[in-house]
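Read through the structure below, which is laid out as structure tokens, and then see the notes.
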4 protein chains.
Amino acid sequence: MPSPDPARRNENARRAVLDATLDLLQEVPYPRITIEGIASRAGVGKQTIYRWWASKAAVLFDAFLLLSARDGSDTPQLPDTGDLQADLTLVLRATVVELNDPRLSDPMRALATELAQDESLAEAYHRQLDAPLREAKRQRLREAQEAGQLADDLDLDVAIDIIWGPILNRWLQRSGPLSDEYVDALLRTALRGMRP
Amino acid sequence: MPSPDPARRNENARRAVLDATLDLLQEVPYPRITIEGIASRAGVGKQTIYRWWASKAAVLFDAFLLLSARDGSDTPQLPDTGDLQADLTLVLRATVVELNDPRLSDPMRALATELAQDESLAEAYHRQLDAPLREAKRQRLREAQEAGQLADDLDLDVAIDIIWGPILNRWLQRSGPLSDEYVDALLRTALRGMRP
Amino acid sequence: MPSPDPARRNENARRAVLDATLDLLQEVPYPRITIEGIASRAGVGKQTIYRWWASKAAVLFDAFLLLSARDGSDTPQLPDTGDLQADLTLVLRATVVELNDPRLSDPMRALATELAQDESLAEAYHRQLDAPLREAKRQRLREAQEAGQLADDLDLDVAIDIIWGPILNRWLQRSGPLSDEYVDALLRTALRGMRP
Amino acid sequence: MPSPDPARRNENARRAVLDATLDLLQEVPYPRITIEGIASRAGVGKQTIYRWWASKAAVLFDAFLLLSARDGSDTPQLPDTGDLQADLTLVLRATVVELNDPRLSDPMRALATELAQDESLAEAYHRQLDAPLREAKRQRLREAQEAGQLADDLDLDVAIDIIWGPILNRWLQRSGPLSDEYVDALLRTALRGMRP
DNA sequence: TGCTAATCGAGACGGTACGTCAGGTCTTTAG
DNA sequence: CTAAAGACCTGACGTACCGTCTCGATTAGCA
């Protein structure tokens, strides 16, 4: 039972599957999306999906890779005007807009729930999708640290968690609305703990 | 088509369903648990489940209510030795132990993913399960605030999010290990931003 | 588990069940009639049906008894003008009209299929419903025999089967249309074999 | 929603279903046979049955086609020794043996009750199963007619009904035992009416 | 530039679970 | 104790998808 030869893979079919998945995510709640539905929407045989992807979650994941490659640059970067709080306010407010937009929020939720259930998928996610983003955040904080705006002994990964964790948690668990005021209050308190 | 009369509900059947659900959660990953499986394990007809619960998630939710009522007291409370950081360290370390224990972690993950997908269930969760816990946290912080250990203008809900959000997010997204060191580093930075 | 005491039986409930059954037979094909449907239509508890009847077929049977008692006299009789062929033509044409009328044909079909499947019900049918009718037929033939219109050695039960069997069979198996012409042709040939 | 492509039909599955049906008919009263039971006995998915057959009755019908194709020749024929009464006695006694044998009688009863309830099935039955048999009967009678043993003006279809109808009716309605004596008495009277 | 082997769309297949319906039993409340 | 009501366990219904499989009909890489 040899695994399929990637060289012979039909790129059209691959794109059709991922596009169909993204389309369906706009129309149907993720749990009700089926492999058969994706195949039929993509005009593709079911076997073509089973040949190249291990699970519905794997398709979803690749669809996200495609989406990210589409609108994000390859090496994401946070703005750096020198004013950390202002820059983060900008970034987090933009994030909040995205998280409040069903077109982005629904697919993200789908991926998030798959990550929560599937350890190996979570690993792939953190390596391929989250890592570059996290590195950009870390880089921005490092620059602030080097500029003396953050404490020298601050653990930057903890800092990232403190800044982004509350928002992501509030979003995913629906524990409250995500507003600009919330972002401001969060950043005010969070950053206060990080200054020298 | 009248909805069933709660007065005639068989408490034995209700308990059997919830117990079976909790049992199965120890054995089978939540997505592979089925209504049929619960019914058969509970020695109950499928219709009895469909009569009283709207979905598998609703059963899961009630099972959690039962579980919480079982080992948590009715009005949870955080320890108060006067030393906020020490108390929170204790609490968070205990939380981390729970989150690292599959017996608790797996069911919680199941509920968390359902909350992420189902708005009305999330509402019920926050009202019935999360609210009392959150109130306990708020109460503990308020006492610290009144004792002058926290800034007067601190938004306690934001504070709660900053303290617990990073941990829950890291746990659910599997973005990194949950260790005592992480708890300590998190609390150190988080609380520093909240002091007067 | 004593069987119920017939003396305490509620006649209203009994009639309501049988009437509901007859009503439903006008509206729904017999195989899709359910005990629950009868009970609900009759405004009667399911248990009341299960207490007094052994099966849906038993209810059907009693409904027929009621129906027969209603429009047939207690001791049915065939016309006797002295002209056997004319009398039988009259009777069979009337029978054919009934068998072509869905309002009568459908319930009869229902009973017929139950008889074919359930030996004890068939026995009850022949004893309670068919016997008087058959006796009337036998009586009419006997009179013809005594009047010298039929052979002395003719087995009257065979004669009855030859006269009515083809019609009933054609009706139940739908092997052809039931018309007056068919009745006439049938009677002509059948009776020719029975004359002295 | 196109109907399935017969070219892709799996003959093994088809045979397994029909064989399983015939097997079950030997073991379980027809009304208690279920599609699930057939599927499981045949080692076949339920959907495979629902894909190719419209109802349990349709499966039963095809099983009968198979059975008939098995032991009956393609073009059945009645014996012709020149002595019509002797030939028919032979045939009807054989029929009576079959009708008294549960292995044949039970499935026939099942089909007969379905025919009584389902007009389109009855049509298919008469076209595919009954017609050739009836033609053979008609042919045998025609030859007797041409040999001057039957009246020239005899309607052969009525004659067939008079000969076979009483037996089938007595069998299906269980109105009396089917014995050789009954066959003889029946034939004696019936044929007497048909001679020139 | 054909050969040939893998991929492709299609969809039948053996299964599992779905959510519904009804069967027959049991319990509750009222008369 | 009967009866209406209806919850209960059971099991079958007919449907939807699962993941595997087979079927021609393209391809795409090698010979």
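In what follows, every chain begins at residue 1, and chains take the letters A, B, ... in the order their sequences are listed.
Both Ala54(A) and Glu36(B) lie close to DNA chain F; mapped to their nearest nucleotides by heavy-atom distance, the more 5′-ward contact belongs to Glu36(B). Nearest-nucleotide mapping onto DNA chain E: of Val44(A) and Asp5(D), the residue sitting toward the 5' end is Val44(A).
Closest heavy-atom contact between Leu60(D) and Ala110(D): CD2-C, 3.7 Å. The nearest pair of heavy atoms linking Tyr30(B) to Lys56(B) is O-NZ, 3.1 Å.
Contact between the side-chain N/O atoms of Thr48(A) and the OP1/OP2 oxygens of dG9(E) is found at a separation under 4.0 Å. Residue Arg9(C) places none of its side-chain N or O atoms closer than 4.0 Å to OP1 or OP2 of dT2(F). Contact annotation: Arg51(D) reaches the phosphate of dC13(E) (side-chain N/O to OP1 or OP2, under 4.0 Å). In terms of phosphate contacts, Trp52(C) brings a side-chain nitrogen or oxygen within less than 4.0 Å of OP1 or OP2 of dA3(F).
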(message) Between Ser40(C) and Glu36(C), is the side chain to side chain contact (heavy atoms under 4.5 Å, CB included) condition met? List the steps.
(response) CA-CA 6 Å; Ser40(C) 122; Glu36(C) 291 200 335; over 6 Å; no
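Going from atom CZ of Arg32(A) over to atom P of dC18(F) covers 13 Å, rounded to whole Å. Atoms CD1 (Ile49(A)) and C1' (dC17(F)) sit 13 Å apart, rounded to a whole Å. Between Asn12(C) atom CG and dA4(F) atom C1' the separation is 14 Å, expressed in whole Å. Atoms CD1 (Ile33(A)) and P (dC18(F)) sit 11 Å apart, rounded to a whole Å. For the pair Glu11(D) CD and dC13(E) P, the computed distance is 11 Å after rounding to whole Å. In this structure, Trp53(A) atom CH2 and dT20(F) atom P are separated by 16 Å, rounded to whole Å. The separation between Arg15(A) atom CZ and dC8(E) atom C1' is 18 Å, rounded to whole Å. Between Ile38(D) atom CD1 and dA12(F) atom C1' there is a gap of 12 Å when expressed in whole angstrom units.
Between the side chains of Ser120(C) and Asp118(C), at least one donor N or O sits under 3.5 Å from an acceptor N or O. No side-chain donor from either of Tyr125(C) and Gln173(D) sits under 3.5 Å from a side-chain acceptor of the other.
At a threshold of 4.0 angstrom between heavy atoms, the contacts of Gly43(B) are confined to the sugar-phosphate backbone, with no base atom among them.
The side chain of Lys46(A) lies closest to dC18(F) when the candidates are dT7(E), dC18(F), dA12(F). Of the candidate nucleotides dA7(F), dG19(F), dC13(F), dG19(F) has the atom lying nearest to any side-chain atom of Ile35(A). For Tyr50(D), whose side chain is taken as the heavy atoms from C-beta onward, the closest listed nucleotide among dA7(F), dC13(F), dG9(E) is dC13(F).
Counting heavy atoms from C-beta outward, Ile35(B) and Trp53(B) have side chains that stay 4.5 Å or more apart.
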Listed pairs, N/O of protein and of nucleotides 27-31 of chain E, under 3.5 Å:
| from | atom 1 | to | atom 2 | distance (Å) |
| --- | --- | --- | --- | --- |
| dT27(E) | O2 | Arg8(B) | NH2 | 3.3 |

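Taking a cutoff of 4.0 Å between a charged side-chain nitrogen and a carboxylate oxygen, Arg41(C) and Glu27(C) qualify as a salt bridge.
Contacts of Arg14(A) classified as salt bridge (charged side-chain N to carboxylate O under 4.0 Å, His left out), with partners at least two apart in sequence or in another chain: Glu11(A).
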